[in-house]
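The block underneath contains the structure these notes are about, expressed in structure tokens.
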Amino acid sequence: MGATGQNDVTEPTQDRIAATEGAGPGIDHEPVSIGDTLAHVVSTAKDFAAAEIALAKQRGAIIASAGQYIAVLGIAAFIIAFGMIVTLMIGAVLALAPLWGLGLALLAVTGGALLVILLCGVGIKVQVSRIKEGVR
């Protein structure tokens, strides 16, 4: 407010305010058709879908690359573990042979291995049953 108690707003400013009353900043008064709005929405949706597809392809490439390394490392670990088990069984037969004789040592190690295989099979069967119950 000025010294006279009147607003210090100049006439051109008041005219500009009156001309844009009811409109926010950056809003033009040209009518937009529904068709134009729908075309804009469809275009934006297509751009969004293309970006999502590109992201999914990139994620897939990363997962595939990691999957190859996992497979190679898993196969290497399996081969080493299998070799260690064979070595362990041969060592057990050789260690038990002087005590029990070669035939009995061989039967004991083979029987122990079969028992472990049987227990693993039972464990697998239990887990498959749990999965079937969970899916129902």
How many angstroms lie between atom [atom1] of [X] and atom [atom2] of [Y], to the nearest 0.5 angstrom?
| X | Y | atom1 | atom2 | answer |
| --- | --- | --- | --- | --- |
| Leu115 | Thr110 | CG | OG1 | 12.5 Å |
| Ile63 | Gln58 | CD1 | CD | 11.0 Å |
| Ile80 | Ile75 | CD1 | CD1 | 12.0 Å |

Does [X] share a hydrophobic cluster with [Y], counting links as ILVMFWY side-chain heavy atoms below 4.5 Å and allowing steps through other members?
| X | Y | value |
| --- | --- | --- |
| Ile85 | Leu96 | yes |
| Leu114 | Leu104 | no |
| Leu106 | Leu88 | no |
| Val109 | Trp100 | yes |
| Val86 | Leu94 | yes |

Q) Are the side chain of Ser129 and the backbone N or O of Lys125 linked by a donor-acceptor pair below 3.5 Å? A)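 It does hold such a pair.
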
**Q.** Side-chain heavy atoms of Ile117 within contact of Cys120, under 4.5 Å
**A.** no

Q: Take Ile124 and Val128, measure what side chain to side chain contact (heavy atoms under 4.5 Å, CB included) needs, and give me the verdict at the end.
A: CA-CA 6 Å; Ile124 290 170; Val128 168; 4.3 Å; yes

Q.
Looking only at side-chain N and O atoms, does Thr44 offer a donor or acceptor that is under 3.5 Å from a partner on Asp47?
A.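 The answer is no; no qualifying pair exists.
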
Q: Report, as yes or no, whether the 6.0 Å neighbourhood of atom CD on Gln127 holds more than 12 heavy atoms from other residues, nucleotides or ligands.
A: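 Yes - once you tally the heavy atoms of other residues, nucleotides and ligands closer than 6.0 Å, there are more than 12.
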
Q) How close do Ala97 and Ala105 get, heavy atom to heavy atom, and via which atoms? A) N-CB, 3.7 Å

Q. Could you walk me through whether Gln68 and Val72 pass the side chain to side chain contact (heavy atoms under 4.5 Å, CB included) check?
A. CA-CA 6 Å; Gln68 289 175 347; Val72 168; 5.6 Å; no

